[in-house]
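Encoded as structure tokens, the structure appears first; notes follow it.
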There are 2 protein chains.
Amino acid sequence: MKRSFVITELLKKKRDGGTLDAEELEWLIRNYVKGAIPDYQMSAFLMAVYFRGMSSDELLNFVRIMRDSGAKLDLSRVPGFHLDKHSTGGVGDKISLVLAPVLASLGLSVPMISGRGLGHSGGTLDKLEAIPGLKTRIPVQRFVEILSQVGFVIAGQTEDMVPADKKLYALRDATATVDSIPLVVGSILSKKLAEDLDGLILDVKTGKGAFFPKKKDAVQLARILVEIATEFGVITRALLTSMDQPVGYAVGNWLEVVETVDCLTNQGPEDTMELVEALAVLALQVSGDRHPLNHQLARIRKAISSGEAFDRFLRYVSLMGGDPAILEHPERFPLPKPVVYTAPREGYIEDLDAYRIGMAAFYAGAGRLKVEDPVDAVAGIRLHKKMGDWVQQDEPIAEIYTVRVDMLDQILEEISSAVRIIPYKPVQTEPLIYGEVTLKGEIRSFP
Amino acid sequence: MKRSFVITELLKKKRDGGTLDAEELEWLIRNYVKGAIPDYQMSAFLMAVYFRGMSSDELLNFVRIMRDSGAKLDLSRVPGFHLDKHSTGGVGDKISLVLAPVLASLGLSVPMISGRGLGHSGGTLDKLEAIPGLKTRIPVQRFVEILSQVGFVIAGQTEDMVPADKKLYALRDATATVDSIPLVVGSILSKKLAEDLDGLILDVKTGKGAFFPKKKDAVQLARILVEIATEFGVITRALLTSMDQPVGYAVGNWLEVVETVDCLTNQGPEDTMELVEALAVLALQVSGDRHPLNHQLARIRKAISSGEAFDRFLRYVSLMGGDPAILEHPERFPLPKPVVYTAPREGYIEDLDAYRIGMAAFYAGAGRLKVEDPVDAVAGIRLHKKMGDWVQQDEPIAEIYTVRVDMLDQILEEISSAVRIIPYKPVQTEPLIYGEVTLKGEIRSFP
């Protein structure tokens with residue numbers, strides 16, 4: 001009875017613009033995790049935070065309490081510099097799958113706990129699970145073993161890690177409170193800081209397919225992420241990158257695995273490799289590497305061209321229960337016959353809206369609305385063009401892979417409204433990498 | 001799957017300051033009532049409304065949809081002008097119990113569906129149920145019968161009336177979204193407009209113990225209530241009255257029944273009778289009575305002094321299953337021995353904070369945190385003084401009736417902080433009745 005009284009007082013305090021102290025936040029989160037505070041009270045809190053935000057101290061406490069809500073990794077017996085990369089998510093973003101084995105090849109130790117896709121955006125775990133046999137839920141001990149053996153590991157959170165975020169994440173998704181900076185920071189950093197990291201690099205997305213489409217918001221998010229993670233003693237740096245169009249050409253779980261293999265076998269799309277290289281350079285710098293840029297880039301490229309990164313990826317897949325053979329012969333994977341979307345006229349592609357392409361992939365079956373919904377590994381969109389490219393009339397722009405024939409009209413509508421073709425006029429595109437976001441919130445050219 | 005998509009879109013729309021149209025609101029409310037939309041999504045909506053408000057049209061639709069969410073009264077076979085009075089609630093507010101039989105004695109027909117107490121504020125149904133045997137939950141048919149026989153009836157909502165508000169009210173209480181003007185208006189008017197009324201009078205409270213302590217907010221609430229109810233064809237007028245100190249001397253369910261009997265037997269406290277008379281005059285005017293004020297006041301006073309109003313009250317109690325004998329001998333009701341709070345020094349009582357006295361009564365057991373919690377009929381506070389009164393040192397200011405001895409310290413603390421005594425200095429008090437709130441939001445002297 002006393003407690004229920006206190007919860008409405010805390011809700012009022014936040015609603016009226018007050019700041020919850022560490023004890024109040026801890027009481028709130030702890031009781032929510034154990035079920036003593038119901039979802040409907042927490043969702044009111046989330047919406048109040050959406051409107052009122054959190055102070056720096058409040059956010060610091062929030063992150064710490066979320067992180068400490070469950071078990072944490074202990075990597076003290078795994079040698080090396082422990083570094084993870086986090087992307088704020090988007091469409092076609094398979095960078096983690098490429099970057100992690102590359103960083104491992106460079107001698108870093110990469111314990112990567114990833115998430116699932118939601119709405120228009122994909123998730124690393126869904127992509128990995130498109131590989132036949134691979135399961136991303138593994139015990140902590142196995143996680144540490146694979147990390148030690150391969151130099152990287154990508155897996156889902158175990159049941160007992162950061163339970164506060166698991167509950168809150170699902171609730172935010174259902175209550176239109178996803179795109180709140182303090183809640184996003186709490187969610188990202190509570191998970192990352194439970195990984196026992198030395199360093200963290202962030203790929204903060206902005207543009208049409210990003211969770212924070214406005215550059216100003218994305219910069220603020222990046223700045224706060226760096227500030228808070230640094231306060232916890234983790235060396236942290238963030239790049240601001242464009243999510244106006246999808247990353248690479250593939251959007252959809254298996255399709256992105258295939259593109260990952262392309263990247264790791266030196267045949268990756270230009271934009272995807274540009275991101276991989278920039279983030280790998282950032283990771284090296286965070287880990288203390290003081291070599292000049294060209295030296296770093298050469299090492300990164302060699303990790304791929306030598307086949308070492310791909311080899312680590314195959315070992316990882318195998319240790320996770322997946323079938324590495326299919327990755328060497330991805331053409332053997334059975335796909336539905338694609339429906340082709342062709343250019344209605346010739347011209348330059350001025351827009352290839354990542355959000356709409358993401359929604360098209362979602363309708364095709366690649367995405368989900370709720371964290372517990374299943375996804376279809378084969379579903380997705382394979383682009384033939386990127387922004388700035390020239391197309392002939394009737395030339396294919398996108399292939400649609402789906403078994404949901406009833407959704408085809410909707411998918412085609414999304415793609416058609418995603419694509420804008422400007423006749424006879426060259427197109428100026430925004431840079432892919434805006435630069436590094438500093439603690440002052442400035443954007444510094446990188447690398 | 002489609003619906004869950006739509007609900008988050010509606011949440012986003014409201015969150016971002018948009019206006020839901022009639023179809024969207026209807027879909028939202030209907031699905032919430034039938035359980036297809038869970039509490040945690042509705043509470044996010046409520047918090048978004050708290051921050052964003054509702055447009056006039058939106059609120060009109062909201063009220064209509066709520067009203068139409070269940071069964072409505074049909075009073076077409078009950079003769080007379082059907083008028084109800086609603087108070088926005090507070091501490092010691094037993095006005096309805098006195099006013100309803102008075103209005104019935106004046107020839108009005110008063111179908112009053114009341115609510116329960118919550119937090120620091122009392123509820124009419126809880127007070128009535130302090131009368132041994134009386135149950136406020138009666139079938140609709142019985143409601144109409146008692147109204148026809150006695151000229152008034154006070155009861156709880158039946159299960160099938162305004163189910164949308166029942167669910168929303170409990171949720172708002174648990175999520176710190178009670179004091180939002182559109183939500184309050186929706187809740188009050190959906191219920192009142194389901195009563196098949198010709199006229200409605202409102203007692204909108206302001207001050208320390210009111211839900212909208214600030215006069216500006218209370219005036220806005222009154223204005224919007226009058227505006228919206230009038231749009232529905234019900235003649236509606238509102239008084240703005242003070243809830244800085246409790247109404248009368250009694251706070252707590254049985255204690256307020258006793259004070260009700262005092263009022264109906266011509267021994268009521270001055271402030272309580274002032275409110276009863278002003279509201280009765282307003283009711284007469286709303287019903288079309290064009291007599292001069294002194295004529296109206298004389299009729300009102302005669303309804304009481306003649307014993308007619310009390311007689312109607314006893315008949316009502318009896319028809320509701322209550323024991324009328326105890327009302328004629330309230331001293332027979334077994335009460336715990338009171339703990340007396342005495343004046344720490346002599347002086348004028350400058351403050352007798354209604355909110356804190358309400359909380360003291362709550363801790364004593366008179367109130368509840370959740371609508372389903374039980375209340376203790378005997379618990380409460382009996383004041384010996386009102387604001388502006390002179391007290392000697394050690395003179396009793398309040399008697400505490402409670403069986404919760406473990407709560408005594410907290411109760412005494414609330415009372416002690418409620419009472420402020422200023423030495424040797426006469427005190428200016430605000431008026432009890434500020435006046436009538438007009439459709440323009442002005443306060444016009446009344447009566």
Side-chain angles (χ1 to χ4, degrees), chain A residues 1-18 28 32 37-53 118-120 167-168 170-180 183 359 362-363 365 367-374 404 406-407 410, chain B residues 1-18 32 37-53 118-120 167-168 170-180 183 211 359 362-363 365 367-374 404 406-407 410:
Chain A
M1 197 153 176
K2 205 77 191 299
R3 296 203 148 160
S4 170
F5 178 68
V6 176
I7 169 72
T8 52
E9 292 303 310
L10 295 188
L11 292 178
K12 272 181 199 153
K13 194 170 180 182
K14 179 41 71 186
R15 183 196 75 184
D16 296 341
L28 182 73
Y32 178 59
I37 291 174
D39 282 340
Y40 58 82
Q41 290 180 317
M42 189 50 90
S43 65
F45 178 76
L46 296 175
M47 189 58 90
V49 169
Y50 183 90
F51 282 97
R52 293 295 193 176
L118 217 48
H120 72 282
K167 272 192 92 166
L168 282 178
L171 188 61
R172 282 167 55 212
D173 178 52
T175 56
T177 51
V178 170
D179 42 346
S180 151
L183 298 180
M359 286 308 292
F362 166 80
Y363 290 127
R368 62 164 70 73
L369 276 177
K370 297 185 198 145
V371 278
E372 64 274 18
D373 292 342
R404 295 189 184 167
D406 58 313
M407 298 300 279
Q410 202 157 354
Chain B
M1 196 153 174
K2 206 73 191 297
R3 292 205 151 159
S4 171
F5 178 69
V6 176
I7 169 72
T8 51
E9 292 304 310
L10 296 187
L11 293 177
K12 272 182 200 153
K13 194 170 180 181
K14 181 41 72 186
R15 182 197 77 184
D16 296 342
Y32 178 59
I37 291 172
D39 283 339
Y40 58 82
Q41 288 181 318
M42 189 50 91
S43 66
F45 178 77
L46 297 174
M47 189 57 90
V49 170
Y50 183 90
F51 281 97
R52 293 295 192 177
L118 218 46
H120 72 282
K167 273 192 91 167
L168 282 178
L171 188 61
R172 282 166 55 212
D173 176 54
T175 56
T177 52
V178 171
D179 43 346
S180 151
L183 298 181
F211 281 108
M359 286 309 292
F362 166 80
Y363 290 128
R368 62 165 69 74
L369 276 178
K370 296 185 198 147
V371 278
E372 65 273 18
D373 291 342
R404 295 189 185 166
D406 58 312
M407 298 299 282
Q410 202 158 351

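Just so you know, these numbers come straight off a predicted model, no measurement behind them. Every heavy atom of this structure was used, including side-chain atoms; hydrogens, water molecules and symmetry mates were not. Below, read A as the first sequence line, B as the second, and so on, with proteins coming before strands; counting in each chain starts at 1.
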Checklist entry - Is the ring centre of B/Y40 less than 6.0 Å from the ring centre of A/Y40? => result no
Checklist outcome for this item: Closest non-hydrogen contact found for A/S43 with B/A44 is OG-N, 3.9 Å
Checklist entry - For B/A176 and A/T8, which heavy atoms make the closest approach, and how far apart are they? => result CB-O, 3.9 Å
Next on the checklist: For a side chain to side chain contact (heavy atoms under 4.5 Å, CB included) check, start with the C-alpha distance between B/T175 and A/R15, then their side-chain angles and the critical distance, and finish with the verdict.
Outcome noted: CA-CA 10 Å; B/T175 56; A/R15 183 196 75 184; over 6 Å; no
Checklist entry - Where does A/L46 contact chain B at under 4.5 Å (heavy atoms): side chain, backbone, both or neither? => result neither
Item to check | CE on A/M47 to OH on B/Y50, rounded to 0.5 Å | outcome: 14.5 Å
